Amino acid sequence: MTTGGENNLSLKGTTLVAAFVDPAYSWPPADGEGKNAIELQATTDLLDYANDDDDATTDAEREAMKMPEKPACMKKRSIFNCCCSADLDVVSDYEQKRKKAIAARKEYQARKKSKDRARRKLERLQNVPEGILIYRLDTANRTIDLISEPSNNTNLETLVTSYVVASSSPSNDVSRRGIDLVSDDGTKATLVACEQRTAIAWLEAMDLMLADSSKRNGLQAFNQKSESGAWADEGLNKSERDQIENQYLNLAAYSNKLIRAGALPGKNGKGGGAGGIYYSVEFQSDEGEDYEEEALESIAKRRAVIKDSWDFYRMICSLLRDRRKYDEAFRKMQLDPVYAYLNSMTGLNDPGEDGSESIEKEISQKALTDIESTNKTQLAEALVKKAEAALPSLVEICKALAGSLGMEEVGVGPIKDPQAAIRKAEKNYQGDLYKVTDYCRAMVVVKDFPSLLALLELARDSFGPLIRRVKLSTLKADHKALQGGYRDCKINLELKDHICEIQIHLWPMYTVCGVDGFRHYRHCLEYSTDSFVDPFDALEGLDRKTMAELIVMAEEAVADTPLHNLEWYQEKFILDYFAEVGLFIKHGLDQWAELTLRTLIKLRCESPDIGPDHHETYVLNRYLEQVLRRLGKEEEAAIVAKDVLRAEELRKTEKETAEKSLWTQFLNAPTSAYEMIADPNKTEREEQEMMRKEVKASKKQWRRIRHERFSFLDSVQDDGMK
C-alpha cells in the first residue's frame, strides 16, 4: 500500500526505525517456533558478517597516520642545554607533522566507525527474521516507509510500503501494540509493533510530528490534510516542540538499550524480544549544521529523575491499593457476629484519637528524678535502659498469651532507639519523652474478633493490675482508621516501673502488608495519602512531556512481561500495569487504558483468591466504565455499570444479612409511619433499643464461642478471683 507522492521539502526531524509484525504471521510465534529462536536468529545474523575488502587500510592512509621520528635535538637533553635557531625549526616541523598524523588517525577512526555503522545497518536489514517487517518513520515529511524485504507469506496487495501520515491513534488490537493510521487521501491502515514500547514511542513521535504547523503547512502544498493531535493544544513554538521531541525520543531509545542489555535491576536481558534489535532513533539536521545528539550523561540524569517520579507514583498506587484492602478487610470483619459486642466496649484510658496520638495522652512514663529533662538525649537513653530492664517480663507475658490462645504470630522488640524516641516525641507530644510508651514493645497476631475478646479477658484476669491502657478506638465503627487504613488494638502495661506496649493485630488486617505494615503506615503519614481519593490524582499538574516520559518508565518496568503474557499471580506487574492505566487516562490514550483494564479484570476474575465479586475487581470495573464513556462506548459502559451496581448490591446484602437488624424490619412495617408521627421521639428510642438488643445478641454469640473455643478462660477467671 503506497499513499501520497514524493516530498522534497527540506525539514528537520527525526528518523525512527523499528520492527513490526507481518500480518501474515502470528506474534509472538507459536509454540515450537519460539520468540527466543527468532531473537537468536536475528542476533546471530547481525553479529556474523564478513569483512569488507573496502575496509582495508590503504598505503596512503598508513603513511598519513605514521608518526614522525623525534628529532635528535629533542632526545636526552639536559636542562642546561639550549637549542639553536636551527634546532627550533626542526622541532617546529616535527610538531606540525605530529599534529597532522594525529588528525589523520582521528579521521580514520571516525570514517571506520561510520562505515561499520552503515554496514551493520545494512546487515540488519538483509537478515530480518521471517514474519518481521522493518519500518522507518521520518517526522520531517511525515512518512512511514518499509525498508526491509517482505517475508515469504506476505500479502503484497495489502502490504504498507510507503505512507504519508495525516492522523494516528492507538488501535484496539488486544496486544496493545497496534497503531491506527489515516493517510492524506483517507486511506486507513494498522501497524502492529513487535513490542509495546515501540508502539508507544512511535505514537508519541507522530503526535508531536502532527502538532508541528510548519510540517503541516508544507504538506498542504501537496494537497495533504492532517489532524494535529493532542500536542497541538500545548501552545508550544517550533523550537520548544523540537526540543521535547529530541529529549523524549532520546530517553525512549536509551531505555530500549538498557532493556536490551539487561542493565536494569531485576531484568534478565530477555525482556526485549527480537523487535528491540531493530529499534533506533536518529536526528536529522540541515546540511552544514553542526548538530550534536544530546549527551549520554544528560539523558541518564533525566532518566534518573523520571524513574524516581515513576517509583513515587507507583508507590502511591500501592499505598492506596493497600488502603482499599484494609477497608475491605475491616468491612468483612464487621460481619462477625461478636463485632457489635466489641464495638460497644469502652477502652481503658483511650482518648479515642482518630488515627494518631496526641499531647492529651492520658498515660506516661514515670518521671526520672535523677535525669534533667532538658537533656533529651540523656533522658531518652535512660528510658531506653528502663525498657531493657522490663523486656524479659514482657517476653514472659507474651509467651503466656501465645501458649493459651495459640497466636498466629508473636514478636518482641526491638527496643526503640533513643533518637527515634526523640523524633516521635517532637512530632506527637511536643517533645515530651515521657509520653512515648513503646520503648519496650511486642506484637501478637490473633485470628479474629473472638480471639481478641479472649485475649482481653485473659489479660484482665491474669495481669489486670498492671494494665494502664487498652486502646480500641480504631476498631470502632464510628472512628477513623490509622493513616493508610490500618486498625488494631493496643495494651499498655507497667513492668519494672516502665510502661510497655503490646500491639494486637488481627489476622485479616495483618496479612495485607505483613511485617511491612508499619512502613505502609509511615509512608501514608509522610505523604498524606488519605487526602487522595484516587491514586491517579497524584498525576495532576504534570505537563504532557513528563507524562509521556513516565510511560517510558512504565514500559521499562513491564519489559519482562508484555500484557498478553501477564498471569493472575504476578502481583508486581499487575500493579505496574494498573499504574500505567492512570498515565494512559491522563495522557489521552483511552484505547490502551481500556485494553489494559480488560486484561486486569480478566486476571482478577481468574484469581482463586479474588474473583469477579472482589473489591479490586469492582474498582477496576469502575475505571473501565469511565474510560468507555470517554471513548463514547455507551452500550459497553452500561454493561460494565451493571457489574459495578451488582457488586455494590452484593456488599449491601452481605451487611444486611449479617446484622439481621430488627430495626430495619420495624421501619418496613405498615404502621411505622403513623407511629412516628404520633411519637416523634419513638424512632430514636426504638433505634437505641434495637442497638441494645443487637449488642445483647452479639454478647450471647460471644458466650457461645467462648464456651466452644476458649473454655479455659473460666479456670483463669477462677484463679484470678482467689
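Note that these values count all heavy atoms, side chains included, but never hydrogens, waters or copies made by symmetry. For clarity, every value in this text was computed on a predicted model and none was experimentally measured.
- Taking Glu636 as the reference, Glu594, Arg598, Leu628, Lys633 meet the side chain to side chain contact (heavy atoms under 4.5 Å, CB included) condition, with sequence neighbours excluded.
- Applying the salt bridge (charged side-chain N to carboxylate O under 4.0 Å, His left out) test to residues at least two apart or on different chains, the pairs with a partner in residues 527-539 are Arg323-Asp530.
- Scored by the side-chain hydrogen bond (donor to acceptor under 3.5 Å, both in side chains) test, Ser151 finds no partners at all (sequence neighbours excluded).
- Listed by first then second residue, pairs satisfying ring pair (Phe, Tyr, Trp, His ring centres under 6.0 Å) with a partner in residues 539-560 number zero, not counting sequence neighbours.
- Side chains of Arg303 and Ser255: no donor on one and acceptor on the other come within 3.5 Å.
- Residues meeting the side chain to side chain contact (heavy atoms under 4.5 Å, CB included) test with Val182, sequence neighbours left out: Ser167, Lys188.
- Take Phe20 and apply the ring-ring contact (aromatic ring centres under 6.0 Å, His included) test, not counting sequence neighbours, and it matches Tyr135, Trp202.
- Legend: residues meeting salt bridge (Lys or Arg N to Asp or Glu O under 4.0 Å) with Glu567, ordered by chain and number and at least two apart, are absent.
- Residues satisfying the side chain to side chain contact (heavy atoms under 4.5 Å, CB included) criterion with Phe312, sequence neighbours excluded, are Met315, Ile316, Tyr527.
- Applying the side-chain hydrogen bond (donor to acceptor under 3.5 Å, both in side chains) rule to Gln196 yields the partners Glu555, Tyr577; only residues at least two apart in sequence or on another chain are considered.
- With sequence neighbours left out, the side chain to side chain contact (heavy atoms under 4.5 Å, CB included) criterion links Arg136 to Thr15, Val17, Asp145, Ile147.
- Listed by first and then second residue, the ring pair (Phe, Tyr, Trp, His ring centres under 6.0 Å) pairs involving residues 528-561 are Phe536-Phe578, Phe536-Tyr623 (not counting sequence neighbours).
- Residues satisfying the side-chain hydrogen bond (donor to acceptor under 3.5 Å, both in side chains) test with Asp22, not counting sequence neighbours, are Thr154.
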